[in-house]
Amino acid sequence: MRGLMQGDHLLISSLIEFANKNHGDAEVISRRVEGDIHRSNWATVSKRSKQVALALDALNVGTGTRVATLAWNGYRHLELYYGVSGSQRVLHTLNPRLLADQIAWIIDHAQDQMVCFDMTFVPIIKAIHKSCPCVKHWIALCDESALPKDSDLPELISYEGWIKGFVGQSYAWPLFDENTASSMCYTSGTTGHPKAALYSHRSTILHAFATCQTDVFGLSAKDSILPVVPMFHVNAWGLPYACAMVGAKLVFPGPGLDGKSVYELMEQEGVTFAAGVPTVWQMLLNYMAPLGFKFSTLKRTIIGGSACPPAMIHSFQDQYSVEVLHAWGMTEMSPLGTVCTLKNKHLKLTREEQMKIRLKQGRALYGVDLKIVGDSGDELPHDGVAFGDLYVKGPWVIENYYRNDQGSPLIDGWFPTGDVATIDLDGFIQITDRSKDVIKSGGEWISSIEIENIAMSHPSITMAACIGVAHPKWDERPVVVVVLRPERTLTKAELLAFYEGKIAKWQVPDDVIFVENIPIGATGKMLKTKLREQLKAYALPIA
Ligand code: AMP
């Protein structure tokens, strides 16, 4: 029997309609590539995203067509989010930090017909446009007067000139099946070609609903939200959608991701909630500490994308009274899988005991099912000790990659994440490693994340990566590669002594390598593949 309820499909356009109607004056602030701070609001974003939809119609861009963006977080990018997906085209956010050749490969694989780019990325457009025959239109995100004239560029259209023609024209968002594709994002895959997750309107709305919950991001119309995480990294973790759903003020950092720019924006715009990867927060804390600056409005920050070092959680909580919500997810999961928020029974625990929980990656939100599986394929117990490959399923987890000729990645309906984790009795996961980064020494596993976290808690260290190096007796032994803070000194013996009593003796790294920097990938994570390559000639000091 069919329920007698209205069956409206869950479409992204309903978010911007809602924000316009109920929170039209809630601000959307952007630091622009042009250098100034731009002020808009949800009503204007709604109007201008309809202009985008009409402008796409005028260029005969068909439904389902991929429209790519190569852009920082900002209001024009947000208008494209709604204008493209809302009008039944597919928004494809390209990561400008990839190599030009990789970007060209991705554009060709996605068969993007249009690329909308920030002026910062003109050099990329120059480098790739000849190898992208599928692209019919190149839209520069600028005023008509700022359009660059350069013979190395394809014919460009200015965004402002393009949408200007449709001011004041009415537009009704089309209605269609909620399972229609809305946006796509390629994984930051470090081996082989990147693969694309193709999100639907339904998966996007359900993910947004889930993230707004109190025990997840806990978003509200009272918040001023700063997604430092880029809109090209899994849709800024869904915040552009979730903020419209609750009518929050949205603050975009544009290209200003350095500590000073982020701090100033937070203070000027009364940011209460921020989200980003640990490397960005490290830059912010490094900027603030020597100046003795404090946050006047920031209450919570989501840290995810890679393991958040305990020292960072301590810093935010103890020095700045900012609650850190450690979160885990991936491109294939839209991205959110778990967030670390305490349960009622944890409130009685001491601060130190609570901290042990907060260091984990958290528990599943409604809509995400988790399990860990051992080498034999059997499901492992949720006892906080057994660790195995982490599998997920749910309505915002991929079923397959876009244009994938290698068969479904699912195993019995579950997506293997490639992460290794424990799950405790309360459902909190702790990621011990990427399966390809796991170090196996004499048949025993060593968690590279644990080794890194201990190094990062040393006051002289700003960054640490642990990798396995071949050993004739033990197969592999851990080595920790560290970057020192400016003007700090530390010897190998001192760091190795620092591990004593914190982990078992056999887990302590065999060596310490001091470097100037550790390679960072396109989404702000340490690139261990590259680090291993750089250390190819390195051999363990064997006693
Ligand atoms: P991406 O698809 O680029 O977002 O990368 C997803 C991967 O990042 C996951 O499979 C994890 O390996 C890693 N990751 C994300 N969040 C965390 C976290 N909080 N702790 C440890 N690893 C994480």
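These numbers were taken from a predicted model, which means no experiment stands behind them. In listed order, ligands and their atoms are each counted from 1.
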_Per-atom contacts, ligand 1 versus A327 - under 4.0 Å to a heavy atom_ =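 Here the atoms of ligand 1 in question are 16 (N), 18 (C), 19 (N).
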_Residue pair D511 / Y538, side-chain donor-acceptor N/O under 3.5 Å_ =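 Their side chains do contain a donor-acceptor pair, which is all the 3.5 Å distance test asks for.
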*What about the rings of H109 and Y186, do their centers lie closer together than 6.0 Å?*
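Distance test on ring centres: under 6.0 Å, yes.
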*Applying a strict 4.0 Å limit to heavy atoms, is D419 in contact with ligand 1?*
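Yes, that is the case, since the closest heavy atom of the residue is under 4.0 Å from the ligand.
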*So which pairs with a foot in residues 445-459 pass salt bridge (charged side-chain N to carboxylate O under 4.0 Å, His left out), sequence neighbours left out?*
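Counting only pairs at least two positions apart or across chains, the salt bridge (charged side-chain N to carboxylate O under 4.0 Å, His left out) contacts touching residues 445-459 are E452-K528.
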*Per atom 6 (C) of ligand 1, closest listed option by heavy atom (M333, M330, K436)*: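 Shortest heavy-atom distance from atom 6 (C) of ligand 1: M330.
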_Is it the case that the side chains of R477 and S441 hold a donor-acceptor pair, with the cut-off being a distance below 3.5 Å and no angle test?_
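Present: a donor and an acceptor within the cut-off.
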_Which of the ligand 1 atoms, numbered from 1, are nearer than 4.0 Å to a heavy atom of G305_ =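 Those of ligand 1 that fall under 4.0 Å from G305 are 8 (O), 13 (C), 14 (N), 15 (C), 16 (N), 17 (C), 23 (C).
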*Whether W445 and F387 hold their rings parallel, tilted or perpendicular, with breakpoints at 30° and 60°*: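 Judged by the thresholds at 30° and 60°, the geometry between W445 and F387 is perpendicular.
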*May I ask you to list the atoms of ligand 1 that are less than 4.0 angstrom from any heavy atom of A307?*
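Ligand 1 atoms under the 4.0 Å threshold to A307: 18 (C), 20 (N), 21 (C), 22 (N).
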*Looking only at heavy atoms of P335, does any of them come nearer than 4.0 Å to an atom of ligand 1?*
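Contact absent.
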*Mind checking whether F428 and H346 have parallel, tilted or perpendicular rings, split at 30° and 60°?*
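Correct class here is perpendicular.
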*Is there a nitrogen or oxygen of T417 sitting under 3.5 Å from a nitrogen or oxygen of ligand 1?*
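Min N/O separation from ligand 1 is not below 3.5 Å for T417.
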*Under 30°, 30 to 60°, or over 60°: which ring-plane class applies to H193 and W105, parallel, tilted or perpendicular?*
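Correct class here is parallel.
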*When only distance counts, is E332 in polar contact with ligand 1, meaning an N/O pair under 3.5 Å?*
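N/O-N/O distance below 3.5 Å does not exist for this pair.
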*asked:* As an exercise, identify every atom of ligand 1 less than 4.0 angstrom from a heavy atom of T331.
replied: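 Reading through ligand 1 atom by atom, the close ones are 1 (P), 2 (O), 3 (O), 4 (O).
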_Side chain or backbone, does W328 bring an N or O within less than 3.5 Å of an N or O on ligand 1?_
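It does not: no N or O of W328 is found under 3.5 Å from an N or O of ligand 1.
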